[in-house]
Protein chains: 2
Amino acid sequence: MGRPREFERDAVLDRALELFWQRGFDGTSMADLVEHLGIGRQSLYDTFGDKRAMYLEALDRYHATRASLPWEVLDQHPLRPGLRTLMTSMVDWLLESTHGRSCMLVAAAAERCPADAEVGARFCANTANIERHLRQRLERARAEGDLGRHHDPEALARFLTSTMYGLQLSAKGGLDRAALLQIVDVALSALG
Amino acid sequence: MGRPREFERDAVLDRALELFWQRGFDGTSMADLVEHLGIGRQSLYDTFGDKRAMYLEALDRYHATRASLPWEVLDQHPLRPGLRTLMTSMVDWLLESTHGRSCMLVAAAAERCPADAEVGARFCANTANIERHLRQRLERARAEGDLGRHHDPEALARFLTSTMYGLQLSAKGGLDRAALLQIVDVALSALG
DNA sequence: GCTATTTTGGAATGATCGGTCAAAAATAAA
DNA sequence: TTTATTTTTGACCGATCATTCCAAAATAGC
């Protein structure tokens, strides 16, 4: 019943995500959104609530549809080659995607933390997720003898996660692909 | 000649720095500045130009007066203990300073890059500076036999810089002191 | 004291901010 | 066709934004 809406919610959210990712929360105005989303201002408010709610939804959609690293290569390859492939694909993603912007959740945390706890929570959840994937693979490697008994999978997982974050800022700092891959090499040498 | 100004430029700039550091560029309004700086609006514009110019000056002052790590401990101690002390002091600085904000230049780069090239240039300059300190110490260690000949001081310096950046985001992610120091330990183990 | 020069404080600028209102338009159920 | 319900559209809101204007205030040289 009632007039049918003339847009797809997810398609609009994807466009909003793109804007927020490019320009950040403060850098994106409702006028910008109305202009690029192709729907009216009121429809926007009716559908998403307000600007912050839409931003949080965009973060969730980012997490659900774009933040995925190729974890399967971790499981399908020996520990170190798998990690190198994973980190290399991340470096390439950082360099292509696009004109030097990094993971949206990292950018969001940098811009809105600790002011906005909801943003912080999403950033932490993503961090914990990455750590979990890495830790599980490291535990398996340790059980299978690919990783020395003296290593702590949890500490290593945190270290590798931190390394990924470091790569993002280093890429922003202008390091080229070769330099970033050197960082990956040194980091992986910590696995012994 | 003329009426003397009733404030010290650097003292005002320090207070502006503090506000920009806490709230970011977009998060700080000229009204906020007028309120907290203790000088009139017009004096502010006469002295610093406009908001962005004042922000860039605040970044420069941050770089000059606050961004300094205790590099002397690097020179005065053996390589690994010196690096551990340096990184530990950085972790403690991150945890105290204050309520989860990180290096102002990192925050500035995250908020304003790549939109503002001047901000990016200052971030890169700071990065290069950190790298230089580390590389020089690593070169000395290599010359003195404290570091294996197979290591590349430049690559290691970049890795350690990246690690420091990673620590900042990890701290934002809520990791406690013990976890951050574990990351430092793993990172330093890459020096062999 | 007088004049030139500079700083100061407060009012005002137009633009833009996020958010709302109300009427028109489009559908489904009756 | 009428009625109820929903979406759309565009005008509109007060607040806030960075910035400027201007006259009063305070000094130095004369």
## Note on the structure
Taking dT20(C), dT7(D), dT8(C) as options, the one with an atom nearest any side-chain atom of Arg5(A) is dT7(D)
### Task
Show your working on side chain to side chain donor-acceptor pair (under 3.5 Å) between Ser89(B) and Asp92(B) and close with a plain yes or no.
CA-CA 5 Å; Ser89(B) 76; Asp92(B) 287 329; over 6 Å; no
### Message
Using a heavy-atom cut-off of 4.0 Å across all strands, would you classify Thr28(B) as base, sugar-phosphate, or nothing?
### Response
sugar-phosphate
### Task
Could you check whether Asp50(A) gets within reach of a base, just the sugar-phosphate, or nothing at all, counting any heavy atom under 4.0 Å?
sugar-phosphate
### Message
Can you confirm if the NZ or CZ of Arg112(B) lies within 45° of the ring axis of Phe25(B) and under 6.0 Å from the centre of its six-membered ring?
### Response
yes
### Summary
A correct 5'-to-3' footprint of nucleotides 22-30 of chain D, with B, S and - meaning base, sugar-phosphate only and no protein heavy atom under 4.0 Å, is B--BBBS--
Atom [atom1] of [X] to atom [atom2] of [N]: distance rounded to whole Å?
{"X": "Phe7(A)", "N": "dT9(D)", "atom1": "CZ", "atom2": "C1'", "answer": "13 Å"}
{"X": "Leu44(B)", "N": "dG9(C)", "atom1": "CG", "atom2": "C1'", "answer": "13 Å"}
{"X": "Asp26(A)", "N": "dG18(C)", "atom1": "CG", "atom2": "C1'", "answer": "12 Å"}
{"X": "Asp32(B)", "N": "dA15(D)", "atom1": "CG", "atom2": "P", "answer": "17 Å"}
{"X": "Tyr45(B)", "N": "dG9(C)", "atom1": "OH", "atom2": "C1'", "answer": "15 Å"}
{"X": "Glu8(B)", "N": "dT7(C)", "atom1": "CD", "atom2": "P", "answer": "16 Å"}
{"X": "Glu35(B)", "N": "dG9(C)", "atom1": "CD", "atom2": "P", "answer": "15 Å"}
{"X": "Met30(B)", "N": "dA12(C)", "atom1": "CE", "atom2": "P", "answer": "20 Å"}

### Query
Do you know which two heavy atoms are closest between Thr47(B) and Ser43(B), and how far apart they sit?
OG1-O, 2.6 Å
### Message
Check this one for me: any side-chain N or O of Ser29(B) less than 4.0 Å away from OP1 or OP2 of dC17(D)?
### Response
yes
### Ser43(B) vs dT8(C): side-chain N/O to OP1/OP2 distance below 4.0 Å
yes
### Task
Determine, stepwise, if the pair Ser29(A) / Asp32(A) fulfils side chain to side chain donor-acceptor pair (under 3.5 Å).
CA-CA 5 Å; Ser29(A) 71; Asp32(A) 290 335; 3.2 Å; yes
### Task
Using only heavy-atom distances, decide whether a donor-acceptor pair under 3.5 angstrom links the side-chain of Arg41(A) to the base of dG19(C).
yes
### Query
Between Phe123(A) and Tyr165(A), does the ring centre distance come in under 6.0 Å?
yes
### Task
Would you list the pairs meeting salt bridge (charged side-chain N to carboxylate O under 4.0 Å, His left out) in which at least one residue belongs to residues 69-90 of chain A, sequence neighbours left out?
Arg84(A)-Asp185(A)
### Message
Within this structure, what is the CZ-CG distance for the pair Arg135(B) and Leu160(B), rounded to the nearest 0.5 Å?
### Response
13.0 Å
